[in-house]
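Scroll down for the structure; my scribbles are underneath it.
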Amino acid sequence: MEFSYDDQNIFARILRGEIPNKTVFENDHALAFHDIEPQAPVHVLVIPKGAYVSLDHFAGAATPEEQAGFMQAVAEVCRITGVDDGFRAIANTRAHGVQDVPHFHLHIIGGRHLGRMLPK
Ligand code: AMP
């Protein structure tokens with residue numbers, strides 16, 4: 001499929017420094033920051049710095065360096081937030097996944113028991 005990126009989305013604006021964020025970790029290819037409406041004691045968003053709309057876009061088009069940088073950020077977020085008892089990583093995608101912000105982001109959610117993934 002074709003991916004079209006809207007550079008006015010809120011995470012693009014955060015990356016340009018137009019909107020503040022509570023940064024947890026940053027490297028050359030990724031930024032991690034606290035979700036503004038946390039669903040659990042730990043709720044951090046990891047985003048690539050490149051213009052990717054979704055997980056499938058990022059996985060198919062990002063360079064190996066971008067992908068490695070992103071995964072390093074995920075590891076650092078887990079280390080920094082101390083989610084040793086476990087966590088959930090969620091990438092809501094497009095309409096069926098109820099994605100609100102069209103810049104790829106991975107939610108890292110933890111700090112409490114999260115229940116089953118989906119209602120049966
Ligand atoms: P999604 O539904 O997966 O697209 O999730 C978007 C997430 O972005 C939601 O959990 C929002 O609470 C979060 N969010 C929206 N605006 C901001 C912001 N300015 N700073 C941090 N998180 C935000």
Side-chain angles (χ1 to χ4, degrees):
M1 74 173 268
E2 294 233 337
F3 297 99
S4 156
Y5 185 79
D6 168 14
D7 68 5
Q8 293 307 308
N9 78 76
I10 198 153
F11 295 167
R13 298 186 64 200
I14 284 176
L15 286 169
R16 289 196 295 269
E18 296 168 8
I19 294 175
N21 74 91
K22 289 188 179 169
T23 299
V24 175
F25 179 78
E26 181 171 12
N27 64 23
D28 286 349
H29 297 294
L31 175 69
F33 52 96
H34 291 286
D35 195 290
I36 205 164
E37 282 185 50
Q39 307 289 312
V42 173
H43 190 167
V44 175
L45 302 173
V46 186
I47 69 173
K49 291 188 173 177
Y52 300 102
V53 297
S54 58
L55 172 60
D56 51 345
H57 187 200
F58 181 77
T63 65
E65 291 76 19
E66 287 176 307
Q67 299 203 21
F70 184 86
M71 284 303 179
Q72 186 211 9
V74 171
E76 286 297 323
V77 166
C78 292
R79 186 185 63 76
I80 292 164
T81 58
V83 285
D84 297 2
D85 289 333
F87 63 93
R88 186 162 292 149
I90 300 173
N92 296 320
T93 304
R94 296 192 288 283
H96 283 187
V98 194
Q99 179 179 4
D100 291 325
V101 180
H103 180 113
F104 169 45
H105 50 284
L106 193 65
H107 297 254
I108 303 291
I109 300 172
R112 66 169 168 82
H113 193 280
L114 297 166
R116 291 271 167 205
M117 183 171 68
L118 293 171
K120 287 189 177 171

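The first residue of the sequence shown is numbered 1, and numbering continues consecutively from there.
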Heavy atoms from other residues, nucleotides or ligands near CG of D85 exceed 12 (cutoff 6.0 Å): no

With sequence neighbours excluded, what pairs up with [X] under the side chain to side chain contact (heavy atoms under 4.5 Å, CB included) test?
X   : result
T63 : E65, E66
A68 : none
V83 : V42, C78, T81, F87

Ring center gap for Y52 and F104 short of 6.0 angstrom: no

Give the cluster check for [X] versus [Y]: same hydrophobic cluster or not, with ILVMFWY residues linked at side-chain heavy-atom distances below 4.5 Å.
X   : Y   : value
V24 : L45 : no
M1  : L55 : no
V46 : V53 : no

About how many Å separate [atom2] of [Y] and [atom1] of [X], when rounded to the nearest 0.5 Å?
X    : Y   : atom1 : atom2 : result
I47  : E26 : CD1   : CD    : 9.5 Å
L106 : N92 : CG    : CG    : 10.0 Å
H113 : R88 : NE2   : CZ    : 8.0 Å

Evaluation steps, side-chain contact (heavy atoms from CB on, under 4.5 Å), between N9 and V101: CA-CA 7 Å; N9 78 76; V101 180; 3.8 Å; yes

Closest non-hydrogen atom pair between G111 and P41, with its separation: O-CG, 3.6 Å

Pairs touching residues 101-111 that satisfy salt bridge (Lys or Arg N to Asp or Glu O under 4.0 Å), sequence neighbours left out: none

Show every donor-acceptor pair shorter than 3.5 Å between a side-chain atom in residues 29-40 and any protein atom, with sequence neighbours excluded, or say none if there are none.
unit_1: D35; atom_1: OD1; unit_2: E37; atom_2: N; d: 2.8
unit_1: D35; atom_1: OD2; unit_2: H43; atom_2: NE2; d: 3.3
unit_1: Q39; atom_1: NE2; unit_2: E37; atom_2: O; d: 3.1

Can you list the residues that meet the side chain to side chain donor-acceptor pair (under 3.5 Å) rule with [X], with sequence neighbours excluded?
X    : result
H105 : none
T93  : none
E18  : R13, R16

Fellow cluster residues of L118, listed by chain then number, with links counted only when side-chain atoms sit under 4.5 Å apart: M117

Members sharing L114's hydrophobic cluster (side chains within less than 4.5 Å): I90, I109

Derivation and outcome, side-chain contact (heavy atoms from CB on, under 4.5 Å), residues I14 and H103: CA-CA 11 Å; I14 284 176; H103 180 113; over 6 Å; no

Contacts of type salt bridge (Lys or Arg N to Asp or Glu O under 4.0 Å), residue R94, not counting sequence neighbours: D56

Contacts under 3.5 angstrom, residues 69-77 side chains, donor-acceptor by atom type, not counting sequence neighbours:
unit_1: Q72; atom_1: OE1; unit_2: N27; atom_2: ND2; d: 2.8
unit_1: E76; atom_1: OE1; unit_2: R79; atom_2: NE; d: 3.0
unit_1: E76; atom_1: OE1; unit_2: R79; atom_2: NH2; d: 2.6

